[in-house]
Amino acid sequence: MKYVIKKLLTTLITLFAVSALVFFSFSVIPGNPAVSRLGTEATPEKIEKLTHEMGLDRPLPERYGEWVLNILHGDFGKSYSYNQKVTSLLSEKIGTTLILSVIAIILTVAVAFPLGIYTARKSDSKLDVVLTSLNQLIMAIPSFFSGILITLLFGFVFKLFTPGAYVSYKVNFLRCVGYLFFPALAIALPKISMVVKLLKDTALKEANKDYVVTAYSRGNATRAVFYKHVLKNAMIPVITFLGMTFADIIAGSIIVEQVFSVPGLGRILLTSISGRDYPMVQAIILLLSVFVVISNLAVDFMYRAFDKRIRV
Amino acid sequence: MTGNNKVKLIIGLVLTGIVFLMLLFGIFYTPYDPMAMDASVSKSISLKHIMGCDQFGRDVFSRVLVGVKETMIVAGAVVLIGVFFGTVVGTLTGYFGGWIDEILMRLNDAVLAFPSVLLALLVIGLYGGGRNTLILALGIAFIPSFARIIRSEVLKIKNLDYIQSVRLFGAGHLRIIVVHILPNLKTVMLSSILIGFNNAVLAEAGMSYLGMGVAPPNPSLGRMLSEAQAYIFTNPMTAVFPGITIVIMILGFSLLSAATEKG
Amino acid sequence: MSMLKVEDLCIKVHDRKTTDTLVQDVDFEMNKGDIMGIVGESGSGKTMTALAIAGLLSRHDMEKSGHIIFEGINLLDIKRNVLRKIQGNEISMVFQEPLNSLNPLKKVGWQVEESLRIHTSMDKNEMRDRAIEALRDVELQNPEAVYESYPHELSGGMRQRAMIAAAMIIQPKLLICDEPTTALDVTIQAQIVELLKRINRERQTAILFISHDLSLVNTLCERVIVMQHGLVKESGLCDDIFNNPQDEYTKKLIAAIPKSPFGI
């Protein structure tokens with residue numbers, strides 16, 4: 001219990017640090033945002049008025065405090081370019097990116113674990129050489145390129161989906177998932193390869209440890225030694241790796257959304273960056289960071305449930 | 001070296017050899033002006049245009065060559081920044097320990113927990129796109145992983161008996177670090193530089209795919225992919241060739257690093 | 001007929017080009033309740049011999065010849081699934097490093113029960129009762145707590161006791177101990193040796209005790225085999241060999257024993 005509280009506290013502190021980092025890095029941008037917003041029609045009076053409206057004339061810590069308080073009330077401010085509340089602009093996109101990430105994570109785990117276990121058990125077969133080489137190759141294909149190949153193969157040759165015809169989950173959840181499966185596959189492919197390789201490597205390493213000999217000495221069959229003893233120990237590095245992978249998957253969705261024209265956080269982040277829409281960029285980066293921090297926390301708890309030796 | 005590692009080394013050397021050949025061509029000679037548009041030319045693959053032409057009639061092969069150069073410049077600079085600052089941070093924290101270690105490593109871990117794409121986008125969101133910002137952004141994102149590797153290696157070396165005896169003979173910290181510790185980092189450095197290149201190429205290609213890299217009309221592999229995507233069903237090869245080039249680069253570096261990891 | 005009869009045991013390892021002979025022509029017999037030691041330095045083949053008897057040498061690059069006849073069955077001849085019925089059931093083993101020999105992620109109780117789970121059809125409660133009894137029998141204080149703990153939470157001596165409990169839980173006929181005290185403190189060593197003696201006396205379990213320490217073997221065993229470079233140098237009653245060694249190597253081993261003022 002102490003562990004849980006301590007972990008939650010450090011996560012809270014991390015979240016505050018992240019929010020401060022995001023806020024203050026945007027406040028050191030050279031130039032007055034009010035000026036850049038007004039552009040050519042800037043007159044000193046107008047600039048002063050807008051500066052005041054945007055609260056830019058108040059001290060930084062005060063603005064940070066207010067920003068955090070507002071966020072806690074669900075208010076991320078107003079987008080410069082859309083002149084709407086950031087929250088209302090983002091609400092649907094958050095859902096889209098989350099669904100995409102979750103599908104990718106499920107796909108990674110659901111494919112990588114059985115495949116990894118299989119390759120670990122058959123590590124001296126001929127098939128292993130083929131699988132290992134294939135794995136090495138897949139790891140080298142970036143998700144945006146595999147995304148294009150998937151579009152070509154499943155969208156153009158097999159016509160399993162229509163590229164660009166994304167349906168919002170609010171309209172039709174199943175069709176949305178059906179569409180997002182393909183970008184999720186592009187994100188998951190290299191991750192699957194990495195997990196398979198790691199699982200196999202650690203399982204082979206564990207298989208040489210003394211406790212495995214003990215297990216055999218008690219009359220365990222090879223199968224039982226693997227599933228009851230080796231596998232759980234081999235999972236520990238894999239779980240640590242999954243923690244980083246979940247974060248990577250969330251970030252990877254930014255790129256893959258672009259490949260498959262999925263209107264999620266990634267896409268609007270890119271348009272906001274080119275449009276210098278700072279409140280939007282701030283909000284999205286913060287949101288993505290929160291996803292990352294929370295997924296790290298989840299993995300920490302999973303890790304803890306697995307290995308009782310871990311103490312903070 | 002095991003047989004398996006030998007195969008990795010050979011394939012890795014061949015692939016990186018191809019990449020460096022392309023890099024040299026990208027710097028000194030391209031068959032066509034990579035920016036010259038020619039609407040009259042056929043887009044398909046021919047002896048004159050071995051990778052075909054893109055929608056504006058630009059020679060894809062020439063653009064790929066220059067794209068490799070562009071990617072390698074960014075990746076090289078990023079790895080340089082990462083290795084340099086990573087070594088400084090890693091050596092300081094590993095060698096001196098104490099509160100420097102505590103503070104820098106906390107910070108390091110916090111940055112490390114974040115996907116580099118996100119960090120790079122944050123910096124680019126602040127300062128706008130372009131090659132220099134991209135190098136800065138990725139460079140910063142790459143420091144922590146190098147720092148972590150170097151630190152753990154320095155910790156190992158620092159506690160070896162001979163470092164202790166050198167200290168007894170009255171060698172100063174700087175001398176111990178420069179003369180006795182840094183040369184011992186060579187092996188670790190080599191494999192982490194190779195893995196760094198692998199990751200930097202991937203990151204550069206990803207960023208330029210998102211349009212955050214070198215400004216158009218200059219070719220970059222990632223941007224070529226995103227430009228070709230609109231014509232993917234009519235002219236897929238324009239996307240496939242730059243894509244394969246990226247795969248060759250990443251595969252080459254990753255095989256080399258896998259082969260050098262545990263000699 | 002003796003319980004265990006090892007005849008002309010040879011173990012060879014084939015590398016790509018060379019062949020290494022690890023054990024050559026080892027012969028000995030053990031009866032019910034016997035307590036015998038094998039002594040030798042590292043690389044003498046003593047551990048290989050023990051592992052071969054326990055059926056734990058299944059590497060493809062290893063060639064085993066000769067006979068290991070246990071209760072009339074040649075263990076080198078039978079199939080894995082027949083061998084498995086003997087492993088952990090009639091022949092158990094205790095290893096050198098108790099921490100490494102225990103699965104770090106499983107509770108001690110689970111590991112102590114493992115032989116029961118494999119070889120019997122007891123239900124959970126029965127197994128738990130038996131395990132706690134076994135833990136108590138190896139003189140562990142508070143066996144219920146040990147049952148619920150993980151290996152890293154115990155001390156070295158406690159771990160080795162738990163390993164012995166796990167090996168003894170199903171009342172094997174032969175207990176093989178491979179350097180079981182080497183990783184422990186001297187005082188704990190003596191306690192473990194006493195424990196093994198008591199088990200041998202009360203249960204009539206035969207014990208094959210592998211050690212590099214001749215004096216330790218002398219305090220525990222009736223008979224001893226001295227091995228070097230895979231060969232048996234000398235064998236016989238401990239007292240005889242100690243007082244009247246024939247082989248040069250044995251003489252050296254005896255001469256190397258430090259004269260302990262406490263006479264452990």
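Note that these values count all heavy atoms, side chains included, but never hydrogens, waters or copies made by symmetry. Remember, predicted model here, so these are calculated numbers, not experimental data. Every chain is numbered from 1 and lettered A, B, ... according to where its sequence line falls, protein lines coming before strand lines.
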Legend entry - A:Thr214 side-chain N/O to C:Ser101 backbone N/O, donor-acceptor pair under 3.5 Å: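 Present.
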Inset, instruction - Output yes when a side-chain donor or acceptor of C:His119 lies under 3.5 Å from a complementary backbone atom of A:Arg218, and no otherwise. - result: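 Here the side-chain-to-backbone pair exists.
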Inset, instruction - Counting only heavy atoms closer than 4.5 Å, note whether C:Leu83 contacts chain A via side chain, backbone, both or neither. - result: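 Neither part.
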Heavy-atom pairs under 4.5 Å with chain A, option from [options] with the top count:
options                               : result
C:Pro104, C:Pro151, C:Ser115, C:Ala54 : C:Pro104
C:Arg80, C:Met93, C:Glu97             : C:Arg80
C:Asn100, C:Ile176, C:Asn103          : C:Asn103
C:Arg117, C:Gln111, C:Lys85           : C:Gln111

Looking at side-chain heavy atoms only, is the closest gap between [X] and [Y] below 4.5 Å?
X        : Y        : value
C:Phe95  : A:Val213 : yes
C:Leu105 : A:Met235 : no
C:Ile118 : A:Asn220 : yes

Inset, instruction - Counting only heavy atoms closer than 4.5 Å, note whether A:Lys209 contacts chain C via side chain, backbone, both or neither. - result: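 For A:Lys209, there is no contact with chain C at all, as no heavy atom is under 4.5 Å.
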Inset, instruction - Indicate the atoms forming the closest heavy-atom contact of A:Tyr216 with C:Leu56, along with that distance. - result: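 Nearest pair, atom of A:Tyr216 first, then C:Leu56: CB-CD2, 3.5 Å.
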